[in-house]
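Start at 1 and go down the list; that is how both ligands and their atoms are numbered. The figures that follow rest on heavy atoms only: side chains count, while hydrogens, waters and symmetry mates do not.
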Amino acid sequence: MAYLKKPKAFWSNYSMNILVVGGGGREHAIAKSLSNSPLTTKLVVAPGNPGIETFAKCYPIASDDIPGQCKLAKDIEADFVFIGPEIPLVLGLKDELLKLGISAFGPSKRAAQLEGSKTFSRNFCRRHNIPQPEFKYANDINTAKKQIELLNGYCVVKADGLAAGKGVVVCDTVDEATIASKEMLENNKFGNAGKSILIEERINGIEASVFAVSDGNNAVLIGTAQDHKRAYDNDEGPNTGGMGAISPAPALDQNLEREIFDNIITPTINGMKLEGYPYQGILYAGIMITDEGPKVIEFNCRFGDPETQVLLPRLSTDLVRIVQNTIKKNLKDMVINFIPQNAITVVIASKGYPGDFKKGVLLPSLKNFDDQTKISIFHSGTGKDKNEKLVSNGGRVLSITSVGENVEDCRLKAYNVIKAINWDQGFYRKDIGSL
Ligand code: AMP
Ligand code: GLY
């Protein structure tokens, strides 16, 4: 299908050519929101996926192919590039685009260290008095063991670098933590990402994800969500990239949101500016609400997946305007609005995920669900076979979002659609929104 090509918006001087980098459910939701803006003239996504292909031109260029993405941005005369995943950000795609005179939404390589290096992030928070668990850095097993014993094994072992959400082991005992540390430091479990590790104090409380957008000087909240990372119902089973999400985060009220904004988001943006790497783009703070108040579990330098699939359907402010104001450092007085409704998303994953799973498995037709009110089907890991049939192409395959008056209403609608899709080679959690 031809890419979205609208007439120039007559009420505006703008007509935007936009490249979105990425090809998962997050990028499907981002591209959908951008395509809804009257300011968007041309929308291109790389690599994209079959869901995105129904409304935007997709090019088979990998997210981490920095020269390839730069060339595409140049070829389509992109007014800006929206960088979805963390890897191209950490590799410095934004910096390379800027050298070509092309604007990008997302932090620079140095600013993306907030996600790219957990050691950087923890030391940064320490320098700026941002509340977080105690931690110790180790690049040999003896140093790791000392800290593990100090914490009686009740700790969290983390690979320093990016490990696709798998580099975190929450431990109860000295043995467990020692094995996890050895796997990373000595058995090369996460390659270079695990050559140095953190041993953290294990904190307790309720988790929430808070998303802010920053222009380097000022930040505005762009939504909150609760992610469900464990594979199975009742938060059991192995950690995954996320099996579902709900927005707004049930654990947060306005007071807590303000506290997180004032004590975590604002000092982070101010600190990054002070240290010479102003933070522009989405700042995703993973927060634990402890008895001592909210603390940072981790920072991410981009939108979450599947959280974006519940954040953006609730956003009523034009996403292109938000990006423009970010790039022009003009967020100070921007008000970001949401529809006063809830959203949930439930991920349908390939059987076996997050362990081994098959790819290329035929998916049922999704056409019947396209025009369901307040339901969106986002493609996370789909592809086409040689007969152009829709097949699975990843661990997380689809995310089904519903928006409604309350969470129960959302659950009813989302699960009705999932039951009707009835993909017997997949599985999903049945308790998203009910915990
Ligand atoms: P992360 O990949 O850093 O978000 O960590 C994955 C999960 O591990 C988080 O969602 C938390 O449930 C848990 N976690 C990470 N760090 C800590 C910590 N210091 N204390 C307790 N739980 C943690
Ligand atoms: N859902 C977790 C993440 O995007 O990092």
Engineer: Quick one: does ligand 1 sit under 4.0 Å from the side chain of V156, the backbone, both or neither, non-hydrogen atoms only?
Structural biologist: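 Near ligand 1, V156 shows its side chain, while the N, CA, C and O stay back.
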
Engineer: Using a strict cut-off of 4.0 Å, indicate which atoms of ligand 1 neighbour a heavy atom of K158.
Structural biologist: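 The atoms of ligand 1 under 4.0 Å from a heavy atom of K158 are 3 (O), 15 (C), 16 (N).
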
Engineer: Using a 4.0 Å heavy-atom threshold (strictly under), name the region of E201 that reaches ligand 1: side chain, backbone, both or neither.
Structural biologist: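 Within the 4.0 Å criterion, E201 contacts ligand 1 through backbone atoms alone.
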
Engineer: Does K430 qualify as a cation-pi partner of Y428, given the criterion of NZ or CZ under 6.0 Å from the six-membered ring centre and within 45 degrees of its axis?
Structural biologist: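 K430 over Y428 ring: yes.
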
Engineer: Would you please classify the geometry between the H128 ring and the F124 ring as parallel, tilted or perpendicular, with 30° and 60° separating the classes?
Structural biologist: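 The arrangement is tilted - the two ring planes meet at 30° to 60°.
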
Engineer: Based purely on interatomic distance, does R122 place a nitrogen or oxygen under 3.5 Å from a nitrogen or oxygen of ligand 1?
Structural biologist: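 Between R122 and ligand 1 (N or O atoms, distance only) the closest approach is not under 3.5 Å.
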
Engineer: For ligand 2, which atoms, with element, lie under 4.0 Å from some heavy atom of E307?
Structural biologist: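 Those qualifying, in numeric order: 1 (N), 2 (C), 4 (O).
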
Engineer: Counting each atom of ligand 1 from 1 as listed, which ones have a heavy atom of V170 under 4.0 Å away?
Structural biologist: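 Contacts of ligand 1 toward V170, numbered from 1: 8 (O), 13 (C).
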
Engineer: With a 4.0 Å cut-off on heavy atoms, does G286 reach ligand 1?
Structural biologist: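 Not so, G286 does not reach ligand 1.
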
Engineer: Among V168, T290, D227, which one has a heavy atom closest to atom 5 (O) of ligand 1?
Structural biologist: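 That would be V168.
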
Engineer: Does the distance from a Lys or Arg side-chain N to an Asp or Glu carboxylate O, for K384 and E53, drop under 4.0 Å?
Structural biologist: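 Result for this pair is yes, salt bridge flagged.
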
Engineer: Would you mind reporting whether I197 and N139 have side-chain heavy atoms less than 4.5 Å apart?
Structural biologist: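 No - every pair of side-chain heavy atoms lies 4.5 Å or more apart.
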
Engineer: Testing the 3.5 Å rule here: is there a donor-acceptor pair between the side chains of Q309 and S399?
Structural biologist: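 A pair is found: one side chain offers a donor N or O, the other an acceptor, under 3.5 Å apart.
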
Engineer: Which residue supplies the protein heavy atom nearest to atom 5 (O) of ligand 2, what is that atom called, and how far is it?
Structural biologist: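 For atom 5 (O) of ligand 2, the nearest protein heavy atom is R302 NH2, 3.0 Å.
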
Engineer: N300 heavy atoms, cut-off 4.0 Å: which ligand 2 atoms fall inside?
Structural biologist: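 Checking each atom against N300, I get 5 (O).
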
Engineer: How many angstroms lie between atom OG of S380 and atom CG of N393, to the nearest 0.5 angstrom?
Structural biologist: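 Answer rounded to 0.5 Å: 11.5 Å.
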
Engineer: Atom 14 (N) of ligand 1: which protein heavy atom is closest, and how many Å away?
Structural biologist: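 In this structure, atom 14 (N) of ligand 1 has I297 CG2, 3.8 Å as its nearest protein heavy atom.
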
Engineer: For ligand 2, which atoms, with element, lie under 4.0 Å from some heavy atom of G304?
Structural biologist: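 Within the 4.0 Å cut-off of G304, ligand 2 contributes 4 (O).
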
Engineer: Under 3.5 Å, is there a donor-acceptor pair between the side chain of E27 and the main chain of G24?
Structural biologist: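 Confirmed, E27 side chain pairs with G24 backbone.
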
Engineer: Please check whether I203 reaches ligand 1 - meaning an N/O of the residue sits under 3.5 Å from an N/O of the ligand, judged on distance alone.
Structural biologist: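 For ligand 1, there is an N or O atom that lies under 3.5 Å from one belonging to I203.
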
Engineer: Any side-chain donor paired with an acceptor under 3.5 Å for Q69 and D65?
Structural biologist: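 The criterion, which ignores hydrogens and geometry beyond distance, is not satisfied for D65 and Q69.
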
Engineer: Show which atoms of ligand 1 fall inside a sub-4.0 Å distance from at least one heavy-atom site of M288.
Structural biologist: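 Answer, ordered by atom number: 21 (C), 22 (N).
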
Engineer: Tell me whether K32 forms a cation-pi arrangement with F378, defined as NZ or CZ under 6.0 Å from the six-membered ring centre and within 45 degrees of its axis.
Structural biologist: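 K32 over F378 ring: no.
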
Engineer: Against ligand 2, does G242 come closer than 4.0 Å with any heavy atom?
Structural biologist: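 No, that is not the case, since the closest heavy atom of the residue is not under 4.0 Å from the ligand.
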
Engineer: So is E298 polar-close to ligand 1, meaning N/O to N/O under 3.5 Å?
Structural biologist: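 N/O-N/O distance below 3.5 Å exists for this pair.
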
Engineer: With atoms numbered from 1 as shown, which atoms in ligand 2 lie under 4.0 angstrom from a non-hydrogen atom of G241?
Structural biologist: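 Result: 1 (N), 2 (C).
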
Engineer: Among all protein non-hydrogen atoms, which one is nearest to atom 9 (C) of ligand 1, and what is the separation to 0.1 Å?
Structural biologist: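 Sorting protein heavy atoms by distance from atom 9 (C) of ligand 1 puts E207 OE1, 3.6 Å first.
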
Engineer: Does some side-chain heavy atom of K57 sit less than 4.5 Å from a side-chain heavy atom of L43?
Structural biologist: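 A side-chain contact under 4.5 Å is absent here.
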
Engineer: Would K273 count as a cation-pi partner of Y277, with NZ or CZ less than 6.0 Å from the six-membered ring centre and within 45° of the ring normal?
Structural biologist: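 Negative - K273 is either too far from the ring of Y277 or too far off its axis.
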
Engineer: Give me the one residue out of E200, M288, R126 that meets side-chain contact (heavy atoms from CB on, under 4.5 Å) with Q132.
Structural biologist: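 Answer to the side-chain contact (heavy atoms from CB on, under 4.5 Å) test with Q132 among E200, M288, R126: R126.
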
Engineer: Closer than 4.0 angstrom: is that true for some heavy atom of Y284 and an atom of ligand 2?
Structural biologist: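 It does, in that a heavy atom of Y284 comes within the 4.0 Å cut-off of ligand 2.
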
Engineer: Using a 4.0 Å cut-off to any heavy atom of D227, which atoms of ligand 2 qualify?
Structural biologist: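 Result: 1 (N), 2 (C).
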
Engineer: Indicate, as side chain, backbone, both or neither, the part of E200 found under 4.0 angstrom from ligand 1 when only non-hydrogen atoms are considered.
Structural biologist: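 Contact part for E200 vs ligand 1: side chain (C-beta onward).
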
Engineer: For side chain to side chain contact (heavy atoms under 4.5 Å, CB included), just list the numbers for S350 and F427, CA-CA rounded to whole Å, side-chain angles, deciding distance to a tenth of an Å, and then say yes or no.
Structural biologist: CA-CA 6 Å; S350 301; F427 77 99; over 6 Å; no

Engineer: Heavy-atom contacts with K229 under 4.0 Å: which atoms of ligand 1 show up? List them by number with element.
Structural biologist: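 Numbered from 1, ligand 1 contributes 4 (O), 10 (O).
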
